[in-house]
Structures are given as C-alpha cells and as structure tokens.
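One is the number of the first residue; the rest follow in order along the sequence. Predicted model, so just to flag it, every value in this text is computed and none were measured.
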Amino acid sequence: MDLSPSGVAAVALRNRRLVRAPITLYQKGFGWIFGSRMLMLEHVGRSSRQPRFVVLEVAERPAPDRLIVASGFGPSSQWYQNLAAQPHCHISTGRLRRRPAHARLLDTQESATALARYKAANPRGWRVLHDAIEKDGAQDPETIPLVEFQLA
C-alpha cells in the first residue's frame, strides 16, 4: 500500500463511508469545524429529483459571495452532472448554513486559469491532489473541470 500523502488521499477518495462522514457533521450544524476551506453542496439528483449531498474543498473565493470548487473525478462525477442538469443548489461552509446558490460550470479556459491560481496559492496541496487524481486514473489532473457557486 502506498502510504504517501497522495496514496492515502487516492484510497480515501474512493472510500464512500470516509468521504461521506463530514456530511452528517454539516447537517447537524457542525460544519464550522471544517472552516471555510470546505463546503457542503446540497443539490438535486438529475434522475431521482431527491436531495444529494457532497463535501468539497473550496479552491478559491474570488469574492465573498462566490466560491470555486474542482471536480477531481472530472465531468463524470455525479454532483457535477447533477449541477449541469439543475444549477440551483444550497451551500454550507464555515458558519454559513444552507445558503441558496447558483452553480456555473466553468469552461475549459476558465477552469485552467482558476486551476493555475490554485496551484500557485497552494503548491503542497496541489501536489497531493494532483498525485491522488493521477493515481486514481479517473481524470487528467491538469484538465480538472471547475464550478463556480454564486451565493444568493
């Protein structure tokens, strides 16, 4: 087993129980534990029309009411596809709970530009993320699609 930070991250990202554990904390009002670097996205399933939840890292905050996140597993991620079908959602981050938001899928150039800013601002975090995504093999780390949330 690869015990490097990226090896552990790659395994952790595929462990459903581990990845979903923070959702309960957010739903119980303890999302503040994760600070402003993480957010819980509540969106609607494109087929089921049922509420769906995922916790994601905030890659950038270009303005107080705008947040950008990356889809590390690419456009095949369920939450990404759900937002493409229905961009209205809710965001919880820090002490902010269930704030209405609108998602906008960034185009290839916008994603590349935002990703370059993330790499420059978080070189160690980018190395771990890059290597974890590369080891997983689901997505080319250099072409990760990004999503911008505009809070209402």
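- Note on R61 versus E148: no salt bridge recorded, every NZ/NE/NH1/NH2 to OD/OE distance being 4.0 Å or above.
- Looking at every heavy atom in both residues, I144 comes nearest to A70 through CG2-CB, 3.6 Å.
- Ion pairing between a basic and an acidic side chain is recognised when a charged N comes within 4.0 Å of a carboxylate O; E42 and R98 show such pairing.
- The pair E110-R104 meets the salt-bridge criterion, with a side-chain N (NZ, NE, NH1 or NH2) lying under 4.0 Å from an Asp/Glu carboxylate O.
- By the salt bridge (Lys or Arg N to Asp or Glu O under 4.0 Å) test, R117 pairs with E60, sequence neighbours left out.
- For L115 against E142, the heavy-atom pair with the smallest separation is CD2-O, 4.0 Å.
- Residues satisfying the side chain to side chain contact (heavy atoms under 4.5 Å, CB included) criterion with S71, sequence neighbours excluded, are S77, W79, Y80, P145.
- A ring pair (Phe, Tyr, Trp, His ring centres under 6.0 Å) check over residues 83-118, counting only residues at least two apart or in different chains, returns the pairs H88-H102.
- The residue from L41, L106, V69 that alone fulfils the side-chain contact (heavy atoms from CB on, under 4.5 Å) condition with V147 is V69.
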Legend entry - Check against side chain to side chain contact (heavy atoms under 4.5 Å, CB included), H130 and R127: CA-CA 5 Å; H130 176 279; R127 263 193 317 277; 5.8 Å; no
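- Between the NE2 atom in H43 and the SG atom in C89 there is a gap of 9.0 Å [rounded to 0.5 Å].
- Nearest heavy-atom pair across L151 and P64 is CD1-O, 4.2 Å.
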Inset, instruction - Show your working on side chain to side chain contact (heavy atoms under 4.5 Å, CB included) between R52 and V44 and close with a plain yes or no. - result: CA-CA 6 Å; R52 302 289 181 222; V44 176; over 6 Å; no
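- Each of V58, D65, T93, L83 was evaluated against F149; a single residue qualifies, L83, per the side-chain contact (heavy atoms from CB on, under 4.5 Å) test.
- When the salt bridge (Lys or Arg N to Asp or Glu O under 4.0 Å) test is applied to R46, no partner is found at least two apart in sequence or on another chain.
- Pairs passing the side-chain hydrogen bond (donor to acceptor under 3.5 Å, both in side chains) check and including a residue from residues 22-38, sequence neighbours excluded, read R37-E57.
- Note on L105 and V54: same hydrophobic cluster, where clusters join Ile, Leu, Val, Met, Phe, Trp and Tyr whose side-chain heavy atoms are under 4.5 Å apart, directly or indirectly.
- Legend: residues meeting side chain to side chain contact (heavy atoms under 4.5 Å, CB included) with A152, ordered by chain and number and at least two apart, are P100.
- Heavy-atom minimum distance, A101 versus I91: CB-CG1, 3.7 Å.
- A continuous path of Ile, Leu, Val, Met, Phe, Trp and Tyr side chains, each step under 4.5 Å between heavy atoms, connects F53 with F34, placing both in one hydrophobic cluster.
- Considering all non-hydrogen atoms of both residues, L96 and R99 come closest at CD1-NH1, 3.5 Å.
- Nearest heavy-atom pair, P62 versus I68, reported as atom, atom and distance to 0.1 Å: CG-CD1, 3.8 Å.
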